[in-house]
Asker: 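For reference, the structure I am asking about is given below.
The figures here come from the full heavy-atom set of this structure, side chains too, leaving out hydrogens, waters and symmetry mates. Remember, it's 1-based here, ligands and their atoms both numbered in the order they're listed.
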Amino acid sequence: MRIAALIVAAGRGTRAASGQSSGGLGSSGLGAGPKQYAAIGGRTVLTRAIDAFARHPEITEIKVVIHADDGELYERATAGFGFGKLAPVAIGGPSRQASVLRGLEALADTAPDVVLIHDAARPFVSSKTISNVIAALRDRPAALAALPVTDTLKRTSGESVVTETVARAGLWRAQTPQGFQFGPIIAAHREAAKKNLDTFTDDAAIAEWAGLEVAVVEDSTGNIKITTAEDIELADRQMTSALEPRTGTGFDVHRFCEGDHVWLGGVKIPHTHKLEGHSDADVVLHALTDALLGAIGDGDIGQHFPPSDPKWKGAASRLFLEDAVRRVRETGGRIGNVDITVLAEAPRIGPHRPAMQNLIGEVLDLPPNRVGIKATTMECMGFVGRREGIAAMASAMVFVPADDAK
Ligand SMILES: Nc1ccn([C@@H]2O[C@H](COP(=O)(O)OP(=O)(O)OP(=O)(O)O)[C@@H](O)[C@H]2O)c(=O)n1
Ligand SMILES: C[C@](O)(CO)[C@H](O)COP(=O)(O)O
């Protein structure tokens with residue numbers, strides 16, 4: 001059975017726009033634009049929503065609907081993430097209803113059996129809720145996640161004076177995901193559009209209007225919709241306080257051979273020799289890659305990029321570092337700082353420090369003052385002292401969500 005997730009992310013987030021938080025990731029630009037691109041706990045609202053479906057074993061594909069102006073924001077938000085199920089985006093319309101229909105039409109050519117429609121603005125949907133909505137579709141053509149109303153409800157007149165207390169028994173607050181058999185929901189959406197009925201605020205309402213029976217699945221209270229700037233601030237604060245620090249260390253050494261330059265920290269430095277290696281032999285980036293992998297307990301550089309694989313012959317080590325950063329981000333982690341010591345008699349590292357800090361900072365999304373680069377000679381002792389090669393040590397501080405620590 002093919003189960004697609006359709007994530008609508010084409011809204012403008014006007015209610016969140018005033019005083020919007022950047023979520024603190026500054027230099028990457030994460031946090032700019034509408035609320036779904038705001039960073040909470042180091043990842044955008046949208047990538048968290050995508051990730052929840054990407055990790056779910058029953059979801060086979062994910063289609064995201066974005067605004068025509070948001071291509072760059074979307075690319076930046078999803079860059080480096082291993083979302084293998086992610087299909088090319090669809091472009092949304094002027095209302096949520098229109099955006100959903102465009103997403104459904106984009107799926108129609110290779111129609112899935114079932115579609116789960118979800119707001120990008122709900123980043124904390126749980127795997128359990130996704131499973132429960134899918135399970136409810138075994139008996140019914142439609143099912144939505146919802147919460148029973150727990151507050152007493154009042155109706156007011158135009159002057160904000162209470163006219164009635166509304167009985168809350170049997171009342172639910174609609175959430176997403178809302179799941180449907182694909183054929184009936186696209187037919188219902190098309191019919192509503194044909195009749196110019198364009199004020200539905202969720203898809204279950206369209207299903208109800210079309211006469212489909214809709215099941216309710218009780219959701220968890222954590223599946224909030226980010227609506228205001230305050231929601232973004234609160235969610236960011238909660239995610240950040242729930243992060244747990246981890247450290248990792250890395251070490252690498254390469255011997256000299258004939259040549260006229262070395263690669264160190266991603267910077268090409270003229271020298272009397274070059275460093276021998278399968279890749280570009282950049283000991284600094286190799287040690288740093290291992291430090292990041294170590295911090296999340298995800299093997300080492302040799303495991304992910306075996307020297308026996310001809311694909312990595314002469315490779316720029318930046319690729320290895322980018323892969324380690326992607327792995328850290330996939331755990332929901334953020335990098336706090338890194339620190340590197342180069343052990344070399346020559347060349348001198350000092351003049352190249354700013355370039356290395358900038359390059360590493362760019363890959364790790366860190367300002368230069370969080371990228372320590374230091375160097376020492378070995379006082380003419382040992383293999384480094386005899387100028388037989390260069391070594392590097394690195395350490396990394398990474399913050400990962402406490403959930404991942406369990
Ligand atoms: N034209 C639209 C409007 C909304 N949405 C999406 O529908 C979800 C729920 O909408 P809402 O929370 O109301 O988001 P916005 O419309 O962006 O918010 P606002 O009303 O404050 O502008 C969001 O993921 C939003 O991106 C969409 O895809 N296309
Ligand atoms: C679909 C929805 O999330 C159900 O609660 C909600 O209606 C969408 O948000 P909006 O503010 O109504 O557009």
Asker: Starting from atom 1 (N) of ligand 1, locate the nearest protein heavy atom and write down its residue, its atom name and how far away it is, to 0.1 Å.
Answerer: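 Atom 1 (N) of ligand 1 sits closest to the protein heavy atom G93 O, 2.9 Å.
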
Asker: Could you state the interatomic distance from CG (L288) to CG (L292), rounded to the nearest 0.5 Å?
Answerer: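 Reported value, rounded in 0.5 Å steps: 5.0 Å.
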
Asker: Going by an N to O cut-off under 4.0 Å, is there a salt bridge joining R43 and D51?
Answerer: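 Here R43 pairs with D51 in a salt bridge, since their nearest N and O are under 4.0 Å apart.
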
Asker: Any idea which protein heavy atom is nearest atom 28 (O) of ligand 1, and the distance to it?
Answerer: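 Heavy-atom neighbour on the protein nearest atom 28 (O) of ligand 1: A10 N, 2.8 Å.
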
Asker: Does atom CD (E258) have a neighbourhood of more than 12 heavy atoms from anything else shown, all under 6.0 Å?
Answerer: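 No - once you tally the heavy atoms of other residues, nucleotides and ligands closer than 6.0 Å, there are 12 at most.
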
Asker: Using a strict threshold of under 4.0 Å (side-chain N to carboxylate O), is an ion pair present between E61 and R2?
Answerer: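 A salt bridge is present here (some side-chain N lies under 4.0 Å from a carboxylate O).
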
Asker: Do K128 and S126 pair up side chain to side chain, a donor and an acceptor below 3.5 Å, judged on atom types alone?
Answerer: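 There is no such pair between these side chains.
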
Asker: Please report which non-hydrogen protein atom sits nearest to atom 10 (O) of ligand 1, along with the residue it belongs to and the distance in Å to one decimal place.
Answerer: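 The protein heavy atom lying closest is R96 CD, 4.5 Å.
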
Asker: Below 4.0 angstrom, N of the basic side chain to O of the carboxylate: do E105 and R102 qualify?
Answerer: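 Answer for the salt bridge query: no.
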
Asker: Considering only non-hydrogen protein atoms, determine which one is nearest to atom 2 (C) of ligand 2 and report residue, atom name and distance to 0.1 Å.
Answerer: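 Protein heavy atom at minimum distance: D119 OD2, 3.6 Å.
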
Asker: Closest approach of S127 and H56, non-hydrogen atoms and distance?
Answerer: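 The answer is OG-CD2, 3.4 Å.
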
Asker: Please identify which atoms of ligand 1 are closer than 4.0 Å to at least one heavy atom of P94.
Answerer: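 Contacts of ligand 1 toward P94, numbered from 1: 1 (N).
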
Asker: How far is atom 23 (C) of ligand 1 from its nearest protein heavy atom, and which residue and atom is that?
Answerer: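 Ranking protein heavy atoms by distance from atom 23 (C) of ligand 1, first comes V8 O, 3.7 Å.
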
Asker: Which atoms of ligand 2 are found less than 4.0 Å from any heavy atom of R122?
Answerer: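 Counting atoms of ligand 2 from 1, those under 4.0 Å from R122 are 2 (C), 3 (O), 4 (C), 5 (O).
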
Asker: Please say whether more than 12 non-hydrogen atoms of neighbouring residues, nucleotides or ligands are located less than 6.0 Å from CD in E388.
Answerer: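 Enclosed.
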
Asker: Quick one: look up the protein heavy atom nearest atom 13 (O) of ligand 1 and list residue, atom name and how far away it is.
Answerer: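 Sorting protein heavy atoms by distance from atom 13 (O) of ligand 1 puts R15 NH2, 2.9 Å first.
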
Asker: Could you establish whether G92 and ligand 1 come within less than 4.0 Å of each other, counting only heavy atoms on the residue side?
Answerer: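 Checking ligand 1 against G92, which is what was asked, there is no heavy-atom contact under 4.0 Å.
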
Asker: Please determine if R122 and D219 form a salt bridge, counting it only when a charged side-chain N lies under 4.0 Å from a carboxylate O.
Answerer: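 Looking at R122 and D219, the cut-off is not met.
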
Asker: Could you say whether the N/O atoms of T227 and ligand 1 ever approach to under 3.5 Å?
Answerer: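 For ligand 1, there is no N or O atom that lies under 3.5 Å from one belonging to T227.
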
Asker: For atom 5 (N) of ligand 1, what's the nearest protein heavy-atom neighbour? Residue, atom name and distance, please.
Answerer: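 The answer is G11 N, 3.4 Å.
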
Asker: Quick check: H286 with H254 (ring centres under 6.0 Å apart)?
Answerer: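 Yes, the ring centres sit under 6.0 Å apart.
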
Asker: Ring centroids only, cut at 6.0 angstrom: are H118 and F53 within range, meaning strictly under it?
Answerer: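 Between F53 and H118, which both carry aromatic rings, the centre distance is below 6.0 Å.
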
Asker: Geometry only, no angles: is K225 polar-contacting ligand 2 at N/O separations under 3.5 Å?
Answerer: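 N/O-N/O distance below 3.5 Å exists for this pair.
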
Asker: Quick one: closest heavy-atom pair of T129 and P177, and the distance?
Answerer: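 Here T129 and P177 meet closest at CG2-CD, 3.9 Å.
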
Asker: Going by distance only, is there an N or O of Q178 that falls short of 3.5 Å from an N or O of ligand 2?
Answerer: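 Between Q178 and ligand 2 (N or O atoms, distance only) the closest approach is not under 3.5 Å.
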
Asker: Which atoms from ligand 1 have a heavy atom of S99 less than 4.0 Å away?
Answerer: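 By the 4.0 Å cutoff, the relevant atoms are 1 (N), 2 (C), 27 (C), 28 (O), 29 (N).
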
Asker: Report the part of A17 in contact with ligand 1, treating N, CA, C, O as backbone and CB onward as side chain, heavy atoms under 4.0 Å; options are side chain, backbone, both, neither.
Answerer: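 Contact part for A17 vs ligand 1: neither.
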
Asker: Does either side chain, that of S395 or that of D339, offer a donor lying less than 3.5 Å from an acceptor on the other one?
Answerer: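 Distance-only check fails for S395 and D339.
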
Asker: Indicate yes or no: does an N/O atom of T201 lie under 3.5 Å from an N/O atom of ligand 2?
Answerer: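 N/O-N/O distance under 3.5 Å: yes.
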
Asker: Are any of the N/O atoms in D202 less than 3.5 Å from those in ligand 2?
Answerer: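 No, since none of the N or O atoms of D202 sits under 3.5 Å from an N or O of ligand 2.
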
Asker: Record the part of A120 in heavy-atom contact with ligand 1 below 4.0 Å; permitted values are side chain, backbone, both and neither.
Answerer: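 Both backbone and side chain.
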
Asker: Considering only heavy atoms, does K225 approach ligand 1 within less than 4.0 Å through its side chain, its backbone, both, or neither?
Answerer: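 K225 to ligand 1: side-chain contact only, backbone stays beyond 4.0 Å.
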
Asker: What is the closest protein heavy atom to atom 4 (C) of ligand 2, and at what distance does it sit?
Answerer: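 Looking only at protein heavy atoms, the one closest to atom 4 (C) of ligand 2 is A174 O, 3.3 Å.
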
Asker: State the atoms of ligand 1, each with its element, that fall below the 4.0 Å cut-off from a heavy-atom position in A121.
Answerer: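 By the 4.0 Å cutoff, the relevant atoms are 24 (O).
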
Asker: Rounded to the nearest 0.5 Å, how far does OG1 of T289 lie from CZ of R327?
Answerer: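 Reported to 0.5 Å precision, the distance equals 11.0 Å.
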
Asker: Would you indicate which of Q97, R15, H118 comes nearest to atom 13 (O) of ligand 2 when only heavy atoms are counted?
Answerer: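 Among Q97, R15, H118, the closest heavy atom to atom 13 (O) of ligand 2 belongs to R15.
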
Asker: Scan side-chain atoms only and decide if H189 and D203 contain a donor-acceptor pair under the 3.5 Å cut-off.
Answerer: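 Indeed, the side chains of H189 and D203 share at least one donor-acceptor pair under 3.5 Å.
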
Asker: Tell me which protein heavy atom sits closest to atom 11 (P) of ligand 1, plus the residue, atom name and distance to 0.1 Å.
Answerer: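 So the nearest neighbour among protein heavy atoms is K35 NZ, 3.6 Å.
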
Asker: Show the atoms of ligand 1 that are less than 4.0 angstrom away from any heavy atom in G13.
Answerer: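 The atoms of ligand 1 under 4.0 Å from a heavy atom of G13 are 15 (P), 17 (O), 18 (O), 19 (P), 21 (O), 22 (O).
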
Asker: Among all protein heavy atoms, pick out the one at the shortest distance from atom 8 (C) of ligand 1; state its residue, atom name and that distance to 0.1 Å.
Answerer: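 The closest heavy atom on the protein side is D119 OD1, 3.4 Å.
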
